[in-house]
Amino acid sequence: MWAQETEDGPDGTWIVRNVAGGNAAKPYRCPGCDHEIPPGVGHVVAWPADERGGADDRRHWHRPCWQARNRRAPRVQRSRNAPRY
């Protein structure tokens with residue numbers, strides 16, 4: 001079972017799940033800095049909590065990038081079907 005919480009911010013309401021390093025088995029691309037999150041590194045997964053968001057809208061973020069998301073724009077705008085790694 002994953003522990004997740006809901007966070008409210010100026011960019012909407014998000015469901016946020018913490019992923020421990022031991023559970024991070026695949027590489028992901030952080031939308032905040034556009035750098036890879038390698039396997040074994042703890043991070044967060046976030047997606048919109050409203051009707052806009054679903055399983056396809058989950059994004060894996062470095063924790064500091066997630067916390068700073070309102071202070072800076074993403075470095076790369078990816079299309080919905082672009083690879084995440």
Side-chain angles (χ1 to χ4, degrees):
M1 184 81 180
W2 295 96
Q4 63 188 36
E5 54 189 42
T6 303
E7 288 187 20
D8 291 319
D11 57 347
T13 302
W14 296 86
I15 297 172
V16 180
R17 183 180 292 168
N18 284 303
V19 178
N23 293 332
K26 297 183 347 185
Y28 294 97
R29 179 74 54 185
C30 176
C33 66
D34 197 40
H35 290 142
E36 183 178 285
I37 303 170
V41 173
H43 59 280
V44 298
V45 180
W47 64 97
D50 61 14
E51 65 279 352
R52 312 180 280 132
D56 290 340
D57 297 306
R58 289 185 292 209
R59 296 293 178 265
H60 295 251
W61 296 71
H62 294 107
R63 284 185 181 104
C65 293
W66 172 251
Q67 293 167 345
R69 73 189 184 283
N70 294 321
R71 294 191 302 267
R72 64 176 183 194
R75 294 184 66 187
V76 173
Q77 296 290 327
R78 296 184 183 278
S79 69
R80 185 178 194 124
N81 296 321
R84 296 182 194 150
Y85 52 91

Inset, instruction - Only counting residues at least two apart or in another chain, list the ones meeting side-chain contact (heavy atoms from CB on, under 4.5 Å) with Pro39. - result: Pro27

Inset, instruction - Quick one: closest heavy-atom pair of His43 and Trp61, and the distance? - result: CB-O, 3.0 Å

Legend entry - Nearest atoms (heavy-atom pairs only) where Val41 meets Ala24: O-CB, 3.5 Å

Inset, instruction - Working to the nearest 0.5 Å, report the span between CZ of Arg69 and SG of Cys33. - result: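 With rounding to 0.5 Å, CZ (Arg69) is 14.5 Å from SG (Cys33).
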
Legend entry - Reported CD-to-SG distance for the pair Glu36 and Cys30, which is rounded to 0.5 angstrom: 11.5 Å

Legend entry - For His62, ring pair (Phe, Tyr, Trp, His ring centres under 6.0 Å) partners two or more places apart: none

Legend entry - Main-chain N/O of Asp34 paired to Arg29 side chain as donor or acceptor, under 3.5 Å: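 Answer holds: yes.
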
Legend entry - Contacts of type side-chain hydrogen bond (donor to acceptor under 3.5 Å, both in side chains), residue Glu7, not counting sequence neighbours: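 With sequence neighbours excluded, Glu7 shows a side-chain hydrogen bond (donor to acceptor under 3.5 Å, both in side chains) to Trp66, given in chain and number order.
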
Inset, instruction - Mind running side chain to side chain contact (heavy atoms under 4.5 Å, CB included) on Ile15 and Arg58 for me, showing each step along the way? - result: CA-CA 9 Å; Ile15 297 172; Arg58 289 185 292 209; over 6 Å; no

